[in-house]
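Position 1 is the first residue of the sequence, and the numbers go up from there. Please read these numbers as outputs of a predicted model, since none were measured by experiment. Indexing begins at 1, ligand by ligand and atom by atom, following the structure's order.
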Amino acid sequence: MLNRQGRPTGPGEAGARAVTTFSGNSGLSQDEPLLFEIGRTNVTGVDLEEPKSPGKSRLGKLARRGGIGIPGLSEPEVMRHYVRLSQMNYGIDTGLFPLGSCTMKHNPRLNEKMARLPGFADVHPLQPQSTVQGAIALIGELSRWLQVLTGMPAVAMTPKAGAHGELAGMMAIKAAIAARGEKRSTVLVPESAHGTNPATAALIGYRVVSVPARADGTVDPAEVRARLNADVAAIMLTNPNTCGLFERDVVEIAAAVHEAGAFFYADGANFNAIVGKARPGDLGVDAMHINLHKTFSTPHGGGGPGAGPVVLSEALAPFVPVPYVVADAKGVRLVEHAGEPGAQPFGRMSAFHGQMGMFVRAMSYMLSHGADGMRQASEDAVLSANYVKASLQHVMSLPFGDQPCMHEVLFDDRWLEGTGVTTLDFAKAMIDEGFHPMTVYFPLVVHGAMLIEPTESESKHSLDRFIASLDGLARAAKAGDADRFKSAPHFAPRRRLDETKAAREPKLRWSPQEARKEAAE
Ligand SMILES: *Cc1c(COP(=O)(O)O)cnc(C)c1O
C-alpha cells in the first residue's frame, strides 16, 4: 500500500494488513512539504511594530511594487520543518556509511569541542598576526605532523579540498618544470584513477594519457615506462589505488618517472590505509594531497567544508603557494607575499590561510590518537575491509581474485548476472535496510563496481549487522526476488529519483505555477 509520496505504510510483513494513513505520515516518519507549500503569505510568525513613516522614500523607482511572497509560519512550524528534514537525512551519526573512497569515519565530539574554543572559532582572517599567534602556531604544528607522517619536507595548507590540493600540487609541478626552462605537456593517469585526477591535469593545460591496469588491478611499471618520454610532466597515481589494492611496484614506478625527468603526484585520498605504516616520501612521491576530511576524520559530505593540504618534496618545496607558516625568534607568522630567500611561490590557492576549523579538528584527532593510535586506525581500517570481503565473497564476486585488500573492498556485478538486478538496484535496496549505499560504478575499470569502505570506526557488531543485511539481499537477488530491488527504495522518504536529470537539469527555483503543473502531471 502506498501513500501519496508513494511510500508503503504499515507493517511490511507478508500477510499483515498494510495501512494508508490519512496524514501522509508513516508513524513517526513525517512527510514534509516545502516551506512555500506549507506557509501562507498573508500570515507572519513575528509580531513587528508598524514602521513609522520614513518620510520621503529614497528608493525612487526601485521601491518594491508588490509582495515578495515569503511564506509566513509560526516558530514551531519552522522548527518542525527543519527538524523533520534533518530526520530524512542519513549521516555518519545515523549509521554505517560504506561509501568507498570517501572514508566516512566517525567525527569525534572532542574535535568539535576544540574547534569551538573561542581562540580558534572567533578569530578573523584579517586580524593582526600578533593577536592570533596560537592559531598560526596550530597551523604550523599540524603542518609538522603532516610532514612527519608523510616523510615530506614541505606542505601547502591552504587548498580547501582534495581536488583543490591536486590542483596546487600539479601547479607546483608545472612551476618546477618551467623553472628548469622545460616544456612538458602530458600527464599519465592510470585507468582506475578518480575523475578529479585527469580533470586537474586537463584544467591546467596538460594532455592526459591513460595507463591501463593489469589483470590484478594494479599498475604495471612496464606500461608506465612505455609511455614515459621527455614530454611527460608527471604521473598521477593513487596508492592504495581505487580498487583498494596497494600498488606494490610504486617504488619502481617512481624511479622510472624520475629518470624521465617527470614528477610523481600521488593522490592521497586513501592515506587512511597507510598512516603510520608507510611514508609516501619513502616511496618516491613528489606531491600528495591529504584529505583531512577523510583520513583525519573532519566532517564532510554535507557536514563541513573539506581541507586538502598538499605535501611537497624537496624539489617542489620552493614553489609552495603563499601564505605559509614560518617560525623564527619573533614567533610564528604567515608569509603572505613572495620574497623570502629561496622561495618561488607559484601564487596562492585561496584568499586566506585555509580551513581553520578543520585544522583544529584534524590536530585534535592526531593528538588524541597519538602515533600508535593512528597506526592502529590504519590497521583496523584494513582489517574491517578484509572482514567484509571474507564474509561476502561467497555471495558476491571479486574482480581481481582473492587477494587481500587494503581499507576498502571492491566487488563487481558478475554475481548478479541473470538475476535482472543491477548494481544500482542493489544499492537502492540497501537504503531499505537502513544503510547508505556503497560507492557504485566507480572505479570505472570494473563492471558494475561496488566499492565498500567500512573504516576503522565501526565495531565488529555493526559490521556483522551490515554483512548480514548484504548477505540477505544478495541471496534474495539470486533467489529471483527482483521486485524487491527494481522498485527500491520502498521505505525512504522519497522513492527512486531520476538522479541524472536532477544533476543535469537541477531545478533551483520554486514557483507556484511549476508546482501546480507538476501536481497535475
Ligand atoms: C575524494 C577523492 C578525491 C577528491 O577529494 P575531494 O576532497 O572530494 O575534492 C580525489 N581522489 C580520490 C581517490 C578520492 O577518493
Side-chain angles (χ1 to χ4, degrees), residues 92 97-105 107 146 156-171 187-204 208 211 213 217-219 234-247 250 264-275 280 285 287-311 349-350 354-355 357-359 361-362 381 385 405-410 436 438-446 449-455:
I92 192 64
F97 212 129
L99 207 53
S101 214
C102 294
T103 314
M104 304 298 290
K105 60 207 259 182
N107 312 131
L146 293 176
M157 295 300 289
T158 56
K160 297 192 170 179
H164 205 206
E166 284 177 37
L167 184 62
M170 290 304 290
M171 286 172 79
V187 167
L188 308 184
V189 181
E191 271 178 349
S192 60
H194 194 267
T196 50
N197 294 184
T200 298
L203 185 72
I204 55 171
V208 175
V211 184
T218 60
V219 175
I235 188 168
M236 297 181 83
L237 188 77
T238 312
N239 197 21
N241 69 22
T242 61
C243 303
L245 305 170
F246 192 83
E247 292 286 356
V250 60
F264 176 8
Y265 184 90
D267 181 326
N270 294 336
F271 194 38
N272 197 49
I274 57 168
V275 176
V285 168
M288 182 182 93
H289 73 261
I290 298 161
N291 308 61
L292 296 187
H293 46 288
K294 293 178 182 174
T295 306
F296 298 108
S297 88
T298 71
H300 62 138
V310 56
V311 287
M349 296 301 294
S350 58
Q355 305 283 28
M358 297 304 145
F359 296 163
R361 287 173 175 87
C405 61
M406 295 296 289
H407 62 309
E408 52 195 354
V409 53
L410 177 62
H436 192 286
M438 74 286 264
T439 290
V440 292
Y441 301 108
F442 174 80
L444 304 177
V445 281
V446 164
M450 302 178 211
L451 184 62
I452 299 176
E453 180 176 5
T455 83

- Distance, nearest 0.5 Å, that separates OG of Ser297 from CD1 of Ile92: 10.5 Å

- Does His293 reach ligand 1 with a nitrogen or oxygen that is under 3.5 Å from one of the ligand's nitrogen or oxygen atoms? yes

- What protein heavy atom sits nearest atom 5 (O) of ligand 1, and how far off is it? Asn291 ND2, 3.0 Å

- Relative to the heavy atoms of Ala163, which atoms of ligand 1 are at a distance of less than 4.0 Å? 4 (C), 5 (O), 6 (P), 9 (O)

- Message: Please report the interatomic distance OG1(Thr439) to CD(Glu453), rounded to the nearest 0.5 Å.
- Response: 8.0 Å

- Query: After noting the C-alpha distance and the side-chain angles of Gln355 and Leu292, does the key distance pass the side-chain contact (heavy atoms from CB on, under 4.5 Å) rule?
  - Reply: CA-CA 10 Å; Gln355 305 283 28; Leu292 296 187; over 6 Å; no

- Query: Is the shortest N/O to N/O distance between Ser101 and ligand 1 below 3.5 Å?
  - Reply: yes

- Could you label the plane-to-plane angle of the Phe442 and His194 rings as parallel, tilted or perpendicular, counting under 30° as parallel and over 60° as perpendicular? perpendicular

- Tell me, which protein residue and heavy-atom name are nearest atom 11 (N) of ligand 1, and how many Å apart are they? Asp267 OD2, 2.6 Å

- Heavy-atom proximity to atom 12 (C) of ligand 1, picking from Ala199, Pro159, Ala269, Gly308, points to Ala269

- Counting from 1 in the order shown, the ligand 1 atoms closer than 4.0 Å to a non-hydrogen atom of Gly162 are 5 (O), 6 (P), 7 (O), 9 (O)

- Query: His300 near ligand 1, heavy-atom distance under 4.0 Å?
  - Reply: no

- Minimum-distance protein heavy atom relative to atom 2 (C) of ligand 1: Lys294 NZ, 2.4 Å

- Message: Among residues at least two apart in sequence or on other chains, which ones pass ring pair (Phe, Tyr, Trp, His ring centres under 6.0 Å) with His164?
- Response: none

- Query: Which value, rounded to the nearest 0.5 Å, describes the distance between Ile204 atom CD1 and Glu166 atom CD?
  - Reply: 10.5 Å

- Query: Once you round to the nearest 0.5 Å, how far does CE of Met406 lie from CG of Asn241?
  - Reply: 10.0 Å

